[in-house]
Amino acid sequence: AGGVAAEFAATELGLRVAAIERARIGGDCLWTGCVPSKALIASARVAHAVRHADRHAIDAQEPAIDLKQVWDRIKAIQSEIAATEDDPDRIRSVGVDVIEGDAHVAGPHTVVVGGRTLESRYILVCTGSHPAVPPIDGLGDVEVLTSDTIFQIPRPPDSLVIVGGGPIACELAQALERLGVDVVVLERGDRLLERDEPAHARRVLDTLRAEGVDVRLGVTVTRVARGGDGVNVHLGDGDTVTAQGLFVAVGRVPNTESLGLQEAGIDVGPTGRVIVDHRNRTTIRSIYAVGDITDRPNFTHTAGYDGVLAVRDMFFPGSTRAPTLVPWCTFTDPEVAHVGMTEAEAIAGHRSKHVRVYRRTLDHNDRARADGDTNGEIVVVTVKGRIVGAHAVCPHAGELIHELALAVQRRMKI
């Protein structure tokens, strides 16, 4: 995502651009992240609406669900985007030299791909990340699904154990449960969605459990093995969970292997992510990095935005700064959106007497009542009357948060 945005921005400036890709144009967003997950969520939302249509004075019924057809729909959407928006020929048509292969950074201005050496004034590294695999005994002996592989199989298993309690785990668990898959979520922490407001994470937890997802907090996976329907997951408390499939969602690892970044003199942090400054520059000033490979917020929208900023800064130095304020959304139902400080962060950074938090639930909101969905809350965090953070757990929170993000950015008063 960062690369495609940067390539189009660079060609608009009349620059000569080469794009090196070893797999598929579009990256995580198109093939393993945003597009397939949101297509899945859309199908799941329809199934849920049919199942609960009586809330809107319509006869409810159990929907007939064919998981293979759902997966075929996801793949068809990906193929359509790949053949139009993220088509290599489309990128070539604007003047980008698209090169297939593994890239190696050989110097401040040199990239080697295959047997070809490219010399350039600037280099932008945006190779993304891949799912982390935890060191669990027996994990190498069973088939493990991740966000990189689950949308490649013909259909999901009829029962699934998900290890992890972050956004990917929560979105997938709810969507699959709504589509008839028996889902168990195992999280070693004491809550889901650890970066969001605790009360909003709790609301998601309650919703998942109410819809049938078996969520277990504070549990440790000690061992996995083949058995039963497919895989036995052994827990630290002595219990064993059996399901057809195992899905691991415990974070992501930057794609830095074979790039030669450290050998070239680029600083990499302890987590393997490239360290960049406020201009997206690495420790080599002619090499920039954006997206999941960096220590910046790891979101598609951040990667795309920073990719364009990096190109601008290369040729108009100092004209931009990578934003520290980055909103995000987890697309459960209800959605959970976040921007700026949480209440705890505001109190930690300022004297508590200056912090005031405004909370509004949807119970008395006319639109929510008309839509038949009052499960939600909006929170605004202020310091000395100025908005420093906002959080929403409600329908369309991902759209609503933008107005609040603007308020935080402009340091507006409540």
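These numbers were taken from a predicted model, which means no experiment stands behind them. By convention here, the first residue in the shown sequence is residue 1.
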Look at the side chain of [X] and the backbone N and O of [Y], then say whether any donor-acceptor pair between them is shorter than 3.5 Å.
X	Y	result
T110	A106	no
D277	R281	yes
D182	G180	no

Assess the side chains of [X] and [Y]: does a donor N or O sit below 3.5 Å from an acceptor N or O?
X	Y	result
D292	S129	yes
T222	H234	no
R203	N375	yes

Test item: I150 and F247 side chains (from C-beta on) under 4.5 Å apart, heavy atoms: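 Yes, their side chains come closer than 4.5 Å.
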Are any non-hydrogen side-chain atoms of T342 and D196 less than 4.5 angstrom apart?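 A side-chain contact under 4.5 Å is absent here.
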Looking at [X] and [Y], does any basic side-chain N land under 4.0 Å from a carboxylate oxygen?
X	Y	result
D89	R92	yes
D363	R360	no
D28	R252	yes
R273	D295	no

Run through R356, H391, R359 and flag the one making a side-chain hydrogen bond (donor to acceptor under 3.5 Å, both in side chains) with E343.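 With E343 as partner, side-chain hydrogen bond (donor to acceptor under 3.5 Å, both in side chains) holds for just one option, R359.
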Taking every non-hydrogen atom, the tightest pair across A289 and V276: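 That would be O-CG1, 3.7 Å.
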Can you name the closest pair of heavy atoms from P157 and L145 and give their distance?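 Minimum heavy-atom separation between P157 and L145: CD-CD1, 4.1 Å.
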H200 and E377: CA distance, side-chain angles, deciding distance, side chain to side chain donor-acceptor pair (under 3.5 Å) verdict: CA-CA 8 Å; H200 293 181; E377 177 187 56; 2.8 Å; yes
